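The structure under discussion appears below in the form of structure tokens.
Convention: sequence-line order gives letters A, B, ...; per-chain numbering from 1. Predicted model only: the values in this text are computed from it and were never measured.
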Number of protein chains: 2
Amino acid sequence: MGNDDEDAGQAAQPKRKDARRNKETLLDAAASVFVTSGVEAPVRDIAAKASVGLGTIYRHFPTRADLIVAVYRHQVDACAEAGPALLASSETPHAALGQWINLFVDFLVTKHGLAAVLQSDNAGFDTLHAYFLDRLVPVCAQLLEAAADAGEIRSGLKAYELMRGVGNLCIGAESDPDYDARRLVELLIAGLRQPQR
Amino acid sequence: MGNDDEDAGQAAQPKRKDARRNKETLLDAAASVFVTSGVEAPVRDIAAKASVGLGTIYRHFPTRADLIVAVYRHQVDACAEAGPALLASSETPHAALGQWINLFVDFLVTKHGLAAVLQSDNAGFDTLHAYFLDRLVPVCAQLLEAAADAGEIRSGLKAYELMRGVGNLCIGAESDPDYDARRLVELLIAGLRQPQR
DNA sequence: CAACGATACGGAACCATGTTCCGCTTTGGC
DNA sequence: GCCAAAGCGGAACATGGTTCCGTATCGTTG
């Protein structure tokens with residue numbers, strides 16, 4: 001860890017500089033295509049955008065999922081790191097949890113189609129699944145535990161479940177003006193509160 | 001309406017008896033394949049199971065979504081009809097709402113992959129979308145309104161949103177033992193309650 | 001009951017996508 | 001400048017939805 005790469009099964013930094021350059025180009029192209037066409041954009045589109053062959057994509061990113069992880073890694077990391085910070089700076093653990101979940105929801109809703117792909121149980125998206133969960137579940141668990149210890153929420157809900165639930169609620173939120181994922185997530189978090197104390 | 005067909009854009013009953021027979025065979029085969037391989041099973045598998053050509057499937061059901069609708073229509077209808085009944089027989093509107101949502105969740109969780117396909121924004125699944133929403137949203141709206149009138153829940157949440165949220169929460173629930181959609185939906189419904197009165 | 005038009009059938013073919021493979025090109029150390 | 005290694009492009013393959021059309025079947029009519 002600390003190499004700017006290699007953290008989640010990504011291929012290590014290539015040796016040849018053209019390869020390194022191509023990888024950057026690809027990351028940029030992918031990010032750009034994801035913004036305009038969504039995360040489910042065809043690999044060919046990304047290759048075209050980067051003026052690169054398909055082989056090149058697949059050498060750098062063994063799978064579509066790896067590419068997605070690479071593009072969003074920084075933001076996921078940022079979200080993960082925000083957890084402890086919020087816990088430290090918030091009035092109550094429950095408040096921190098709420099704010100952190102909001103961060104996560106904003107992230108998901110902002111990336112066209114990410115939430116959907118995140119739940120896809122198609123083999124090949126394991127990397128994606130794994131990265132998000134490895135990175136975020138522990139943070140969520142910490143927040144949840146703090147809130148539970150403070151007696152603010154019912155206990156017994158695993159962090160994993162909450163993350164999945166929230167992720168699920170975000171599916172399709174960006175393409176349907178009549179569906180407000182944020183509100184539903186708020187309701188969910190509200191339902192998590194201890195009935196009264 | 002009342003013809004046992006034609007209610008949701010399905011092709012009307014074919015004239016020739018072999019055609020009619022094939023349609024039944026197909027429905028049975030599809031139902032059976034859906035149970036074992038999930039709703040996302042390839043059309044070809046269903047054709048094979050029914051010992052029928054691909055053309056036959058597509059003549060009877062213009063799209064995969066139409067086939068799915070046809071297979072589950074009765075159950076969706078039953079769910080829709082249970083709404084008013086529950087409202088009449090339950091202590092409070094909120095209880096009725098809770099029970100009705102449970103019915104819906106059980107239905108979704110039981111049908112491998114249905115929840116996922118229900119949210120798919122791929123063109124071609126409009127029929128599916130439309131049928132579920134047309135049938136269930138009004139019922140949900142009625143329950144919601146009754147509960148709101150009774151002052152049991154916060155108002156302002158549209159039935160459509162609730163249905164989508166619940167549907168979303170059910171995605172992947174059947175293939176992941178660590179994810180309990182029912183509990184999360186309960187939490188959501190709990191969050192819907194009026195804070196206190 | 002044979003003929004015939006309408007209806008339905010089967011499945012090859014087409015399109016889109018993810019992924020693999022391999023002959024050719026570029027790079028970088030000598 | 002030369003060469004092996006590293007990398008590249010994109011044709012080809014697999015899968016899955018959907019379309020098309022030549023052929024088979026049905027049922028009506030003479």
Side-chain angles (χ1 to χ4, degrees), chain A residues 5 9-27 29-30 33-34 37-71 113 116-117 120-128, chain B residues 10-27 29-30 33-34 37-71 113 116-117 120-128:
Chain A
D5 211 324
Q10 231 65 194
Q13 214 61 272
K15 298 148 207 327
R16 268 168 55 171
K17 73 165 190 286
D18 59 337
R20 228 154 27 230
R21 182 166 37 72
N22 267 326
K23 190 167 178 177
E24 282 311 309
T25 307
L26 268 171
L27 244 15
V33 170
F34 286 169
S37 309
V39 169
E40 313 230 45
V43 178
R44 281 167 177 77
D45 288 2
I46 298 164
K49 178 85 174 190
S51 308
V52 132
L54 282 169
T56 302
I57 286 201
Y58 278 94
R59 200 164 333 90
H60 286 299
F61 308 99
T63 250
R64 258 174 55 78
D66 295 294
L67 182 53
I68 297 174
V69 170
V71 167
V117 113
S120 157
D121 57 354
N122 299 336
F125 283 84
D126 306 314
T127 316
L128 186 64
Chain B
Q10 231 64 196
Q13 215 61 273
K15 298 149 206 327
R16 268 167 56 169
K17 72 165 190 288
D18 57 340
R20 224 152 33 227
R21 182 168 36 75
N22 268 326
K23 188 166 178 175
E24 282 311 308
T25 307
L26 269 171
L27 244 17
V33 170
F34 287 170
S37 309
V39 168
E40 314 228 44
V43 178
R44 282 168 177 79
D45 288 2
I46 298 164
K49 178 85 177 189
S51 310
V52 133
L54 282 169
T56 302
I57 285 202
Y58 278 94
R59 200 163 334 90
H60 287 299
F61 308 98
T63 249
R64 258 174 56 79
D66 295 293
L67 181 54
I68 297 173
V69 170
V71 167
V117 112
S120 156
D121 56 354
N122 299 335
F125 283 85
D126 307 314
T127 317
L128 186 65

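What separates CD1 of B:Ile57 from P of D:dC20 is a distance of 18 Å, to the nearest Å. The nearest whole Å value for the distance from the CZ atom in B:Arg44 to the P atom in D:dT19 is 13 Å. Per the geometry, OH belonging to B:Tyr58 stands 14 Å off C1' belonging to D:dC20, to the nearest Å. The nearest whole Å value for the distance from the CG atom in B:Leu54 to the P atom in D:dG17 is 9 Å. Spacing between atom CD1 of B:Ile46 and atom P of D:dT15 amounts to 17 Å, rounded to whole angstrom units. In this structure, the NE2 atom of B:His60 is 16 Å from the C1' atom of D:dT18, given to the nearest Å. Counting to the nearest Å, the C1' atom of D:dG17 and the CD atom of B:Glu40 are 13 Å from each other.
Here the range on DNA chain C touched by chain A, meaning any atom under 4.0 Å from one of its heavy atoms, is C:dT17 to C:dG28.
Here NE2 of B:His60 is found 10.0 Å from CD of B:Glu24. Values are rounded to the nearest 0.5 Å. Separation of atoms CG (A:Asp45) and CD (A:Glu40) is listed at 12.5 Å; rounding is to 0.5 Å.
In this structure the side chain of A:Arg20 reaches within 4.5 angstrom of the side chain of A:Lys17, judged on heavy atoms.
A donor-acceptor contact shorter than 3.5 Å links the side chain of B:Asp66 to the backbone of B:Thr63. The backbone N or O of A:Phe125 sits nowhere less than 3.5 Å from a side-chain atom of A:Arg64 that would complete a donor-acceptor pair.
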Could you go through the side chain to side chain contact (heavy atoms under 4.5 Å, CB included) check for B:Val69 and B:Phe61 one step at a time?
CA-CA 10 Å; B:Val69 170; B:Phe61 308 98; over 6 Å; no
Evaluate B:Val52 against B:Leu26 for side chain to side chain contact (heavy atoms under 4.5 Å, CB included), listing each step before the verdict.
CA-CA 8 Å; B:Val52 133; B:Leu26 269 171; 4.2 Å; yes
Between the protein and nucleotides 27-30 of chain D, are there any N/O to N/O pairs under 3.5 Å, and if so, what are the atom names and distances?
unit_1: D:dG27; atom_1: OP1; unit_2: B:Lys17; atom_2: N; d: 3.4
unit_1: D:dG27; atom_1: OP2; unit_2: B:Lys17; atom_2: NZ; d: 3.1

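Along DNA chain D, the nucleotide nearest B:Arg21 and the nucleotide nearest B:Thr63 are compared for position; the residue whose nucleotide lies closer to the 5' end is B:Thr63.
The only option from A:Val39, A:Thr127, A:Ile46, A:Leu128 that meets the side-chain contact (heavy atoms from CB on, under 4.5 Å) definition with A:Leu67 turns out to be A:Ile46.
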